[in-house]
Amino acid sequence: MSFLKEIQRRRTFGIISHPDAGKTTLTEKLLLFGGAIQEAGAVKNNKIKKGATSDFMEIERQRGISVSTSVLAFNYKDKKINILDTPGHKDFAEDTFRTLTAVDSVIVVIDVAKGVEEQTEKLVAVCRMRKIPIIVFINKLDREGHDAFDLMDEVEQKLGLTVTPLSFPIGMGYDFQGIYNLWEQNINLFSGDSRKNIEETIAFEDVQNPELEKIIGQKPADRLREELELIDEVYPKFNQQDYLDGKLQPVFFGSALNNFGVRELLDCFVSIAPSPRPKESETRLVDPKEEKLSGFVFKIHANMDPKHRDRLAFIKIVSGTFERNKPYYHVRQKKNLKFSSPNAFFAEKKEIVDISYPGDIVGLHDTGNFKIGDTLTEGEIMNFKGIPSFSPEHFRYINNADPMKAKQLDKGVDQLMDEGVAQLFTLEMNNRKVIGTVGALQYEVIQYRLEHEYGAKCTYENFPVHKACWVKPDDAKNEEFKEFKRIKQKFLAKDKYDQLVFLADSDFTIQMTQNKYPSVKLFFTSELD
Ligand code: G4P
């Protein structure tokens with residue numbers, strides 16, 4: 001197959017949702033359609049379970065397994081589909097944000113009874129910012145939930161989207177009869193038996209056809225006709241370009257658990273979702289069709305076996321092909337590297353591959369060469385944009401608890417930060433180290449891993465910070481900036497990339513600081529534009 005065809009047939013996407021909306025169930029059903037797994041439950045068992053907040057050992061165990069679910073690839077029709085796993089657990093939100101830099105589109109799962117939830121709002125905000133094409137799947141229609149129109153209103157208001165339904169439920173919960181598929185113009189009847197549902201599709205181009213009453217009953221038929229009329233009047237017509245530009249989001253309804261409405265979603269997805277898109281680097285826009293390889297690291301996964309400290313760096317191929325044993329240029333380290341056993345992912349397995357294409361994810365064994373955000377090229381000096389750090393929510397000093405092991409501690413902290421487990425800030429005044437995390441859980445994970453993987457011991461001490469603000473002065477030489485640095489000395493730190501950060505103790509402080517030093521700009525992410 002030609003290089004161009006390989007690119008065009010790839011669909012690399014993420015499924016995002018608030019925990020429990022049905023992301024894992026939907027992923028599994030998609031894999032079943034692709035013939036990638038034979039039975040349900042295969043993905044589910046790898047999921048970080050509810051209530052795991054108090055049991056980080058369990059998370060550690062599952063973190064090990066989850067390498068295999070980091071990328072789930074399968075073929076469906078003539079398409080190669082790569083699903084990138086995004087942890088729903090809020091303590092791992094940063095991981096999800098980073099993964100969103102490597103997807104070309106997303107599917108958002110919403111629970112029909114719970115509506116739009118907090119985590120969904122945050123993740124969709126990031127997708128919107130990056131203009132990622134979004135499809136919405138409203139799940140659990142076999143249960144009682146909100147009215148479909150109300151839900152679409154809520155999606156528009158809370159998520160800031162412009163939606164148009166491509167399928168619509170006939171009844172809900174106890175009265176759920178099926179869905180009308182506006183995209184394919186047919187009716188899919190719900191029988192509650194997930195095996196049967198797939199075949200029970202009745203072509204129905206004209207809902208005025210009196211056959212409709214016979215199939216779903218007079219009242220539901222009247223109601224459906226009214227609803228479709230309303231949809232026609234109120235919602236914009238679906239237009240693929242608007243969807244690709246992030247201006248319009250199609251909505252599907254179904255029940256992942258019952259494998260209902262999933263095929264419709266998948267069929268529409270493969271036909272409208274984008275193949276790998278061009279990506280902005282600091283110097284230029286890189287097109288996937290370019291011959292030369294470029295790619296970036298969006299995730300690093302530590303080996304669970306402490307005896308083998310190698311890690312797996314996940315690279316998204318942006319352009320060109322990635323070939324085994326060919327030297328590539330590591331831009332940050334200014335050196336060429338060769339990889340003898342690059343991994344590709346297939347369903348739940350990973351295997352060594354000779355060649356990968358744009359849109360694919362390659363896993364590279366790494367002994368410490370890579371950091372998140374690193375770029376590989378064939379010699380060109382460029383860096384991909386868009387892997388910002390967000391302000392952590394928790395901050396603690398980290399202290400060395402074993403003076404004999406100071407080196408090990410430094411190395412461990414350094415490597416864990418490269419993996420993106422947490423963020424390190426070094427205070428300007430006294431060089432003390434502060435660790436910032438999204439969830440309190442990470443402190444336990446870090447402590448445990450430092451001890452077990454690096455033989456170092458640490459303790460923590462509270463440091464009352466509300467938010468980290470990245471600092472960008474209009475003029476680094478002006479008096480205002482000098483004064484800001486002098487007055488705020490105690491709260492200034494450097495992040496891992498030597499960027500200046502102001503650790504503010506409250507929103508009030510941020511406001512006051514901004515008013516007092518208007519030429520010193522404060523940002524809540526490390527990407528300062
Ligand atoms: P997540 O990855 O988004 O966190 O959600 P997950 O798929 O694990 O689904 C969360 C719960 O919702 C699961 O139930 C799952 O079975 C259920 N679920 C998913 N889709 C549907 C659906 O279409 N209809 C209904 N009624 N339930 C659905 P659980 O009891 O938490 O787990 P389990 O014991 O069933 O595995």
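Owing to the predicted nature of the structure, the values given are computational and were not obtained by experimental measurement. This chain uses plain numbering: 1 for the first residue, then up along the sequence. Start at 1 and go down the list; that is how both ligands and their atoms are numbered.
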Does [X], backbone or side chain, put an N or O under 3.5 Å from an N or O of ligand 1?
| X | value |
| --- | --- |
| Gly254 | no |
| Leu257 | yes |
| Thr24 | yes |
| Pro19 | no |
| Ala256 | yes |

Identify which one of [options] satisfies the side-chain contact (heavy atoms from CB on, under 4.5 Å) criterion when paired with [X].
| X | options | result |
| --- | --- | --- |
| Thr25 | Lys29, Lys23, Glu28 | Lys29 |
| Val362 | Leu312, Ile317, Leu376, Val71 | Ile317 |
| Ile134 | Val251, Leu248, Ile16, Val106 | Val106 |

* Taking atom types as modelled, is there a side-chain donor on Glu184 or Asn186 under 3.5 Å from an acceptor on the other? ->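 Side-chain D/A pair, Glu184 to Asn186: present.
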* Any donor-acceptor N or O pair under 3.5 Å, side chains Tyr180, Glu227 ->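 The answer is no; no qualifying pair exists.
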* Applying salt bridge (charged side-chain N to carboxylate O under 4.0 Å, His left out), name anything that partners Lys158, two or more places apart in sequence or on another chain. =>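 Result, salt bridge (charged side-chain N to carboxylate O under 4.0 Å, His left out) vs Lys158: Glu154.
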Determine whether the side chain, the backbone, both or neither of [X] has a heavy atom under 4.0 Å from any heavy atom of ligand 1.
| X | answer |
| --- | --- |
| Val109 | neither |
| Asp142 | side chain |
| Arg143 | side chain |

Please identify which atoms of ligand 1 are closer than 4.0 Å to at least one heavy atom of [X].
| X | value |
| --- | --- |
| Thr25 | 6 (P), 7 (O), 9 (O), 15 (C), 19 (C) |
| Ser255 | 22 (C), 23 (O), 24 (N) |
| Ser17 | 3 (O) |
| Lys23 | 1 (P), 2 (O), 3 (O), 5 (O), 7 (O) |

* To do: Going by the salt bridge (charged side-chain N to carboxylate O under 4.0 Å, His left out) test, name the single residue among Lys496, Arg98, Arg449 that passes it with Glu419.
  =>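 Only match with Glu419 under salt bridge (charged side-chain N to carboxylate O under 4.0 Å, His left out): Arg449.
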* Run through Arg130, Lys316, Lys279 and flag the one making a salt bridge (charged side-chain N to carboxylate O under 4.0 Å, His left out) with Asp104. =>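 Between Asp104 and the candidates, salt bridge (charged side-chain N to carboxylate O under 4.0 Å, His left out) is satisfied uniquely by Lys316.
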